[in-house]
Visitor: 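Dumping the structure here so I can ask a few things about it.
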Amino acid sequence: MKTLLNIIWLVLAGFWLALGYVLAGIICCILIVTIPFGIASFRMASYALWPFGRTVVDKPTSGAWSVIGNVIWVIVAGWWLALTHIITGILEAITIIGIPLALANWKMVPISLFPLGKQIVPSDRMMAAYGQ
């Protein structure tokens, strides 16, 4: 089921959302100081291409710099990426088939706003970590 949802996702929204993240990553990699933002953006682009079967968790080694970086990210790029996910989710929720896709879009809003200090892991690994 995850594969089917990922294929539908890729065709309807994933490619365009990932393209937005790649564009933000390229812009961020222009300056040396913003390269960590670019790397985070490329990581989110891969998540936007194939989201089902993966989840976002806090990175235990992140510190105060990730908080400061997230504030800068929200101002520079995060707000418009989050807005893209919200609008795309609303458009997908119009149909019954699109409801799971809309939920996946809305699940990506927090990571599009605050990507630093997070990591993307397979859902199976997340379940194993909590003993389920």
Visitor: Do Cys28 and Ile35 make a side-chain contact, defined as non-hydrogen atoms from C-beta onward lying under 4.5 Å apart?
Guide: no
Visitor: Trp73 versus Thr34: any side-chain heavy-atom pair under 4.5 Å?
Guide: no
Visitor: Side chains of Lys118 and Asp58: closer than 4.5 Å at any heavy-atom pair?
Guide: yes
Visitor: Using a cut-off of 6.0 Å, state whether more than 12 heavy atoms not belonging to Trp65 lie near its atom CH2.
Guide: no
Visitor: First locate atom CE of Met44, then atom CD1 of Ile120, and finally report the distance between them rounded to the nearest 0.5 Å.
Guide: 8.0 Å
Visitor: Output yes when a side-chain donor or acceptor of Ser41 lies under 3.5 Å from a complementary backbone atom of Phe37, and no otherwise.
Guide: no
Visitor: Compare every heavy atom of Trp80 with every heavy atom of Ala24, then report the nearest pair and how far apart it is.
Guide: CB-CZ2, 4.1 Å
Visitor: How close do Ala13 and Glu92 get, heavy atom to heavy atom, and via which atoms?
Guide: CB-OE2, 3.2 Å
Visitor: Check Leu116 against Ala40 and note the closest heavy-atom contact, atom names and distance.
Guide: CD2-CB, 3.8 Å
Visitor: How long is the gap from NZ on Lys107 to CG on Leu101, to the nearest 0.5 Å?
Guide: 11.5 Å
Visitor: Nearest 0.5 Å, please: how far is OG1 in Thr55 from CD1 in Ile111?
Guide: 9.0 Å
Visitor: Does Trp50 reach the side chain of Ile7, with side-chain heavy atoms less than 4.5 Å apart?
Guide: yes
Visitor: Search all heavy atoms of Ser66 against all heavy atoms of Gly117 and return the closest pair with its distance.
Guide: CB-N, 3.9 Å
Visitor: How close do Ser123 and Arg54 get, heavy atom to heavy atom, and via which atoms?
Guide: OG-N, 3.3 Å
Visitor: Taking side chain as C-beta onward, heavy atoms only, is Phe114 less than 4.5 Å from Val56?
Guide: no
Visitor: Report whether Leu19 and Leu81 are members of the same hydrophobic cluster (ILVMFWY, side-chain heavy atoms less than 4.5 Å apart, transitive linking).
Guide: no
Visitor: Rounded to the nearest 0.5 Å, how far does OG1 of Thr88 lie from CG of Leu83?
Guide: 9.0 Å
Visitor: Anything under 30° is parallel, anything over 60° is perpendicular, the rest tilted; go ahead and classify Phe52 against Trp9.
Guide: perpendicular
Visitor: Looking at every heavy atom in both Pro100 and Leu5, which two are closest together, and how far apart are they?
Guide: CB-CD2, 4.2 Å
Visitor: Atom OG in Ser112, atom OH in Tyr21: separation rounded to 0.5 Å?
Guide: 4.0 Å
Visitor: Determine whether Leu113 and Ile90 fall in the same hydrophobic cluster, where Ile, Leu, Val, Met, Phe, Trp and Tyr are linked whenever their side-chain heavy atoms lie under 4.5 Å apart.
Guide: yes
Visitor: According to a 4.5 Å side-chain heavy-atom criterion applied to Ile, Leu, Val, Met, Phe, Trp and Tyr, with indirect links allowed, do Trp16 and Tyr47 form part of one hydrophobic cluster?
Guide: no
Visitor: Less than 4.5 Å apart, side chain to side chain, heavy atoms only: is that true for Phe42 and Cys29?
Guide: yes
Visitor: Can you tell me how far CD1 of Ile94 sits from CD1 of Ile99, rounded to the nearest 0.5 angstrom?
Guide: 11.0 Å
